[in-house]
2 protein chains.
Amino acid sequence: MEALAALADPTRRRIVALLAAGEQGAGELADQFPVSRPAISRHLRVLREAGLVQVRAEGQRRVYALDPRPLSELDAWLAPYRRLWAQRLDALDTEMARGRRARTQEDGR
Amino acid sequence: MEALAALADPTRRRIVALLAAGEQGAGELADQFPVSRPAISRHLRVLREAGLVQVRAEGQRRVYALDPRPLSELDAWLAPYRRLWAQRLDALDTEMARGRRARTQEDGR
DNA sequence: AACGTGCGTAACTGGACAGTTAAGTAACTT
DNA sequence: AAGTTACTTAACTGTCCAGTTACGCACGTT
């Protein structure tokens, strides 16, 4: 769950969001932020160490791509808690749909 | 997404995990950690400010309970990325289960 | 070979944060 | 009312982290 610490920073979350749309060079990325290039370089390093992005050298360009695996890990971490708000929603459902058809039981998976 | 910063700390994640099993007093919580009581108190404050826990005074005890709403928010934040590894897993599925029965399609909800 | 471009690393600074001990507040006990 | 229990807040310390400017390195160009 090292990804959580990496994602705690809003700049890094924006980088992740940008890369979700497709890979980009370090410079292109940096141009979209109000901070200096080295700052972005450091953010990319943190993301890299957290496994969230991967680099590929292409000439003298460094192309960054998102690696979704840590996000999937995060999803897995979140999974056991899901019932907590599902419950809430279920309760809401129950409240809202009193007298719906009885076949409402569908546990996950 | 302030919850992400709160959850970046392992101690706070453990507190959240403990509270998922049921509410607890501050002291009971603190006893399960190798750090001092004030330290736990501060962690609880951070969690409280992130909306992840709620306190209730019961005599001189402070009973803490998990509030799953920020977790659900986090889940919602994660949702758009889900396709990224779903793709991956689909590819894996395809590879692993060449010629499994065709009725494999069950999207969530 | 000299130079420009694209990025990364180094060194430094300011601010946030987790931990500690000590002190403060509120409720129950006797 | 004096003391104990349960917890928080205050004040301080060390460490980490995001930002900056300056420098270094590799690739490509002419």
Side-chain angles (χ1 to χ4, degrees), chain A residues 1-19 21-67 70-71 74 77, chain B residues 1-67 70 74 77:
Chain A
M1 293 291 34
E2 193 192 347
L4 271 172
L7 294 170
D9 185 90
T11 299
R12 287 194 290 261
R13 278 199 299 276
R14 258 195 75 199
I15 293 178
V16 165
L18 286 170
L19 291 182
E23 49 185 34
Q24 287 190 44
E28 302 172 59
L29 278 171
D31 290 346
Q32 305 173 61
F33 291 88
V35 299
S36 67
R37 234 158 236 255
I40 298 298
S41 197
R42 286 180 74 83
H43 282 302
L44 287 170
R45 181 194 173 124
V46 172
L47 289 171
R48 209 186 318 137
E49 286 173 355
L52 278 159
V53 304
Q54 284 183 348
V55 216
R56 166 169 49 94
E58 191 171 274
Q60 73 266 43
R61 272 170 46 106
R62 299 298 183 101
V63 181
Y64 281 84
L66 188 61
D67 187 338
L71 291 175
L74 177 53
W77 175 83
Chain B
M1 295 293 30
E2 195 194 346
L4 270 171
L7 292 170
D9 185 89
T11 299
R12 287 196 289 263
R13 277 201 299 275
R14 258 195 73 199
I15 292 179
V16 165
L18 286 170
L19 291 181
E23 47 185 35
Q24 286 190 44
E28 302 171 60
L29 278 171
D31 290 346
Q32 305 172 62
F33 291 87
V35 299
S36 68
R37 232 159 236 256
I40 298 299
S41 198
R42 285 179 73 85
H43 282 302
L44 287 170
R45 180 194 174 122
V46 172
L47 290 171
R48 209 186 319 136
E49 287 174 354
L52 279 160
V53 303
Q54 284 184 347
V55 216
R56 163 170 49 94
E58 193 172 88
Q60 74 267 40
R61 273 169 47 107
R62 299 297 184 100
V63 180
Y64 281 84
L66 188 61
D67 187 337
L74 177 53
W77 175 83

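Each chain gets a letter, A, B and so on, in the order the sequences are listed, and its residues count up from 1. These numbers come from a predicted model, not from an experiment.
Think of the region where chain A sits on DNA chain D: with heavy atoms and a 4.0 Å cut, that region ends 5' and 3' at D/dA18 to D/dG28.
Across all strands, A/A39 comes closer than 4.0 Å to base atoms (heavy-atom distances). Within 4.0 Å (heavy atoms only), A/F33 reaches no atom of the nucleic acid at all. Within the 4.0 angstrom heavy-atom criterion, only backbone atoms of the sugar-phosphate kind lie near B/R12; the bases stay farther away.
Nearest-nucleotide positions on DNA chain C for B/E58 and A/Y64 put A/Y64 closer to the 5' end. The 5' end of DNA chain D is approached more closely, in terms of each residue's nearest nucleotide, by A/P38 than by the other of A/P38 and A/Q60.
Residue B/E49 contributes atom CD, which lies 13 Å from atom C1' of C/dC17 at whole-angstrom precision. Atom CD1 of A/I15 is separated from atom P of C/dC7 by 13 Å (rounded to the nearest Å). Here C/dT21 presents its P atom at 14 Å from CD1 of B/I40, a figure rounded to the nearest Å. One atom, CZ of A/R62, and another, P of C/dT5, lie 19 Å apart when rounded to the nearest Å. Look at CZ on B/R45: it is 15 Å from P on C/dG19, rounded to the nearest Å.
Taking only side-chain atoms of A/A26, from C-beta outward, the nucleotide of C/dG8, C/dG6, C/dA18 with the closest atom is C/dG8. Looking at the side chain of B/D9, the nearest of the listed nucleotides C/dA18, C/dA27, C/dT20 is C/dA18. Closest to the side chain of A/R37, from the set C/dC7, C/dG8, C/dA22, is C/dC7. Among the nucleotides C/dT5, C/dT21, C/dT9, the one closest to any side-chain atom of B/S36 is C/dT21.
Side chains of A/I15 and A/L66 form no contact here, defined as non-hydrogen atoms less than 4.5 Å apart. Side chains of A/Q54 and A/R48 form no contact here, defined as non-hydrogen atoms less than 4.5 Å apart.
At least one donor-acceptor pair closer than 3.5 Å links the side chain of A/R14 to the backbone N or O of A/Q32. A donor-acceptor pair is defined here as one N or O able to donate and one able to accept, closer than 3.5 Å; such a pair exists between the side chain of B/R12 and the backbone of B/A6. Proximity of a side-chain donor or acceptor of A/R56 to a complementary backbone N or O of A/V63 within less than 3.5 Å is not detected. Looking at B/E28, its side chain does come within 3.5 Å of a backbone N or O of B/G25 through a donor-acceptor pair.
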**OP:** Using the salt bridge (charged side-chain N to carboxylate O under 4.0 Å, His left out) rule, take B/E23 and B/R62 through it: C-alpha gap first, then chi angles, then the decisive distance, then the call.
**Re:** CA-CA 10 Å; B/E23 47 185 35; B/R62 299 297 184 100; over 6 Å; no

